[in-house]
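Working notes, structure below.
Quick note on labels: first sequence line is chain A, next is B, and so on, each numbered from 1.
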Amino acid sequence: MQYTIFHIDVNSAYLSWEATYRLQQQVSCVDLRTIPSIIGGDESKRHGIVLAKSIPAKKYGIKTGESLFSARQKCPSLVIVPPNYKLFMKCSDAMVSIFKEYFPLVERYSVDECFLDYTNMSHHFGSPIQFAHYLKNKIQKELGFTVNIGISSNKLLAKMASDFEKPNKIHTLFPDEIQEKMWSLPVRDLFMVGRATNNKLMKLGIYTIGQLANSDPDLLYAHFKSHGYLIHAYANGTATAIVKPCSPEAKGIGNSTTISFDVTDSRTAKLILLSLTETVCMRLRDSNMIAKMVSISIKSHDFVSLSHQMNLTESTDITSNIYKAACTLFDEAWNKEPIRHLGVRVSSLTSKSYTQLSLFDFDNYEKHTALDESIDKIRLRYGNTSIIRASFLYSGLRPLNGGMPEENYPLMSSLL
DNA sequence: TCTGGGGTCCTAGGACCC
DNA sequence: TCTGGGGTCCTAGGACCC
C-alpha cells in the first residue's frame with residue numbers, strides 16, 4: 001500500500017500568529033516577521049526563554065529555548081513580545097478547521113503541526129503538490145500566516161521534508177530522494193536525534209544522516225539500546241505509523257511551574273503544590289478519568305531535579321486526596337535545598353465510569369466529589385479565581401497554577 | 001545558560017518471589 | 001549464609017518531542 005502523507009508546519013508559529021494578530025488589529029503597522037523579534041516569557045518571573053523567533057532574529061544566531069539575556073546580547077535591538085496562548089489556540093483551531101473541510105483524517109501532532117493523509121485523493125483534488133499549494137495559499141489568504149508542507153509516503157519523511165527550506169515552501173522527500181535530500185544533512189537534524197545522542201554519535205565518527213543510515217545497527221544497539229535501532233531506521237526513511245484518526249487517550253496529566261523566587265520553607269512549597277494540584281485535578285475531572293499514580297518533581301536553585309512517585313490504594317480524582325499524596329511525597333523527597341521549580345503529575349489513568357468504591361470510603365467520596373464539582377462549576381462560570389482556598393489569602397501566591405489547554409491534543413510519540 | 005511547560009518512552013537497578 | 005539464577009514489578013532518572 002502506497003500512502004501519500006502531508007506534514008504541515010506553521011512557520012515560527014507563535015511569532016507568526018502574534019504578527020498576524022497585530023496586523024489585523026492594527027496594533028502596529030510593523031510586521032514582527034520582518035524584524036528581529038521573538039516571543040519570550042517574563043524574566044522577572046524567571047520564565048525568560050525564547051519560545052519562537054522571527055527569521056531575521058534567527059540570522060543573529062538566536063535559538064528557541066535560549067535565555068532572553070543571551071538573545072538580547074546577540075541582538076540588542078531585539079523586540080520581545082509575551083506569549084498569548086489563547087490566541088495561539090484560536091489560530092491552531094482555525095487552521096485545523098480548514099484541513100477538516102477536505103480531510104476525514106487530521107492528526108494534530110502539536111499546536112502548530114498536523115499530519116494529513118492524501119492517499120487516494122488525487123483524482124478529486126489533483127496531484128499532491130498541486131493540492132499542497134492550494135492548501136498553503138488558502139491558509140495564507142484566509143488566516144494570514146504561512147506554513148511549510150512536507151510530502152512523502154510516510155510520516156517521518158513528510159516531517160523531515162517540511163523542515164527543509166522555510167518559510168512558505170512545499171517540499172517532497174520520497175524514498176528515492178532520501179540520498180539526495182536527507183543523507184547530507186547533519187545527524188542532529190534527524191527526528192529523535194537530540195543533543196545527547198548527537199554528541200555520542202559524533203564520538204563514534206557519525207556526523208551525517210547518511211553515515212548513520214549506513215552504519216552497523218548492532219554497533220548502534222551497543223551504544224543506544226533500542227533507540228539505536230530506531231534512529232538507524234529513521235535515517236533510512238523507514239517508519240510504519242499511520243495517520244491517526246483521533247487523539248489517543250492521555251497517559252498522564254501534569255502541571256509544573258518555575259517560581260519567581262527560591263522557596264525555602266515547606267509551607268510555601270505545599271501551597272504551590274496545592275495550586276498545581278487544583279489545576280491537575282480540574283483537568284483530570286474534565287477528562288472523566290481517575291488516577292492511581294501521583295508524582296511530584298522538584299528542581300533546586302542549582303538546577304538539580306528529582307522526582308518521587310507513589311501508587312494510591314485506590315484511583316481517585318479528588319483534589320484533597322491527591323494533594324495529600326503530593327505533600328507526603330514532598331516531605332519524603334525534599335532535601336531542604338532552595339526550590340526553583342515544582343511539579344505535580346498524575347498517571348495510571350482509567351475511565352471514571354469503571355470506578356469501584358470501597359464501602360468504607362463511600363460517604364467520604366460522595367462528599368469530596370460534590371465539593372470538587374461545585375468548585376469546578378463556579379470557576380467555569382465566574383472565572384478561575386472566583387473561588388480560592390483560604391490558605392492562599394494574603395500568601396501572595398497564585399491559587400491556581402499551570403496551563404490548562406482548552407483542547408487536549410494528541411500527544412507526541414517518537415513513533416512515526 | 002541569567003536556562004519554560006506540556007508531554008511520551010526507555011532503562012538500570014533494587015526488591016521480592018520461587 | 002563462604003550461596004544461584006531467573007522472573008516480575010516498581011522507581012528514579014534521562015532521553016526525546018513541540
With a 4.0 Å limit, can you tell me whether [X] has a side-chain N or O closer than that to the phosphate oxygens OP1/OP2 of [N]?
{"X": "A/N255", "N": "B/dG5", "answer": "no"}
{"X": "A/S256", "N": "B/dG6", "answer": "yes"}
{"X": "A/R195", "N": "C/dG14", "answer": "no"}
{"X": "A/H227", "N": "C/dC16", "answer": "no"}
{"X": "A/R345", "N": "B/dT8", "answer": "yes"}
{"X": "A/S110", "N": "C/dC17", "answer": "no"}
{"X": "A/S307", "N": "C/dG13", "answer": "yes"}

Plane angle bin for [Y] and [X] - parallel if under 30°, tilted between 30 and 60°, otherwise perpendicular:
{"X": "A/F103", "Y": "A/Y118", "value": "tilted"}
{"X": "A/Y14", "Y": "A/W17", "value": "tilted"}
{"X": "A/F88", "Y": "A/Y85", "value": "perpendicular"}

Nearest to the side chain of [X], heavy atoms from C-beta on, is which of [options]?
{"X": "A/H341", "options": "B/dG5, B/dC9, B/dT3", "value": "B/dG5"}
{"X": "A/T257", "options": "B/dT11, B/dG5, C/dG13", "value": "B/dG5"}
{"X": "A/L306", "options": "B/dG5, C/dG13, B/dC10", "value": "C/dG13"}
{"X": "A/K159", "options": "B/dG4, B/dT8, C/dC18", "value": "C/dC18"}
{"X": "A/T258", "options": "B/dT8, B/dG5, C/dC16", "value": "B/dG5"}
{"X": "A/S226", "options": "C/dC17, C/dT11, B/dT11", "value": "B/dT11"}
{"X": "A/H308", "options": "C/dA12, C/dC17, B/dC10", "value": "C/dA12"}
{"X": "A/K225", "options": "B/dA12, B/dT8, B/dG5", "value": "B/dA12"}
{"X": "A/H47", "options": "B/dG5, B/dC10, C/dC16", "value": "B/dG5"}
{"X": "A/Q309", "options": "C/dT11, B/dT8, C/dG13", "value": "C/dT11"}

Send over the distance from [X] [atom1] to [N] [atom2], rounded to a whole Å.
{"X": "A/H301", "N": "B/dT1", "atom1": "NE2", "atom2": "P", "answer": "17 Å"}
{"X": "A/L190", "N": "C/dA15", "atom1": "CG", "atom2": "C1'", "answer": "15 Å"}
{"X": "A/F69", "N": "B/dT3", "atom1": "CZ", "atom2": "P", "answer": "10 Å"}
{"X": "A/I298", "N": "C/dG13", "atom1": "CD1", "atom2": "P", "answer": "10 Å"}
{"X": "A/L342", "N": "B/dG6", "atom1": "CG", "atom2": "C1'", "answer": "16 Å"}
{"X": "A/I62", "N": "B/dT3", "atom1": "CD1", "atom2": "C1'", "answer": "15 Å"}
{"X": "A/L400", "N": "B/dG5", "atom1": "CG", "atom2": "P", "answer": "16 Å"}
{"X": "A/M293", "N": "C/dC10", "atom1": "CE", "atom2": "P", "answer": "8 Å"}

### Query
Hey, is A/F303 doing a stacking thing with B/dT3, by the 5.5 Å centroid and 30° angle criteria?
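So A/F303 counts as stacking on the base.
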### Message
Check this for me: does any side-chain nitrogen of one of A/K100 and A/D93 sit under 4.0 Å from a carboxylate oxygen of the other?
### Response
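No, A/K100 and A/D93 are not salt-bridged.
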### Query
Within the side chain of A/T258, is there an N or O that forms a donor-acceptor pair under 3.5 Å with the backbone of A/H47?
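Between the backbone of A/H47 and the side chain of A/T258 there is no qualifying donor-acceptor contact (under 3.5 Å).
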#### Entry: Backbone of A/S110 reached by a side-chain donor or acceptor of A/E113 within 3.5 Å
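Side chain of A/E113 to backbone of A/S110, a donor-acceptor pair under 3.5 Å: no, none is there.
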### Query
Taking atom types as modelled and ignoring hydrogens, do the side chains of A/K181 and A/T172 form a donor-acceptor contact shorter than 3.5 angstrom?
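Judged by distance alone, the side chains do pair up.
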Counting any heavy atom closer than 4.0 Å, what does [X] reach on the DNA or RNA strands: base, sugar-phosphate only, or nothing?
{"X": "A/G343", "result": "nothing"}
{"X": "A/S295", "result": "nothing"}
{"X": "A/G194", "result": "sugar-phosphate"}
{"X": "A/E66", "result": "base"}
{"X": "A/R72", "result": "nothing"}

### Message
Using atom P in both nucleotides, what's the gap between B/dT3 and C/dC18 to the nearest angstrom?
### Response
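That atom pair is separated by 23 Å.
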### Query
Quantified in whole Å, what is the P atom distance between nucleotide C/dG4 and nucleotide B/dA12?
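After rounding to an integer number of Å, I get 24 Å for this pair.
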### Task
State the pairing partner of C/dT8; accept Watson-Crick or G-U wobble contacts with both distances under 3.5 Å, and report none otherwise.
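Partner of C/dT8: B/dA15.
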### A/L276 vs A/L68, nearer the 5' end of DNA chain B by closest nucleotide
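Result: A/L68.
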### Task
Return the 5'-most residue of the pair A/F224, A/G65 with respect to DNA chain B, ranking by each residue's nearest nucleotide.
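Checking each residue's closest nucleotide, the 5'-ward one belongs to A/G65.
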### Task
For residues A/I339 and A/R46, report the shortest heavy-atom separation together with the two atoms involved.
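In this case the closest contact between A/I339 and A/R46 is O-NH2, 4.4 Å.
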### Task
Could you classify C/dT1 for me, syn or anti, using a glycosidic angle within 90° of 0 as syn?
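Classified anti.
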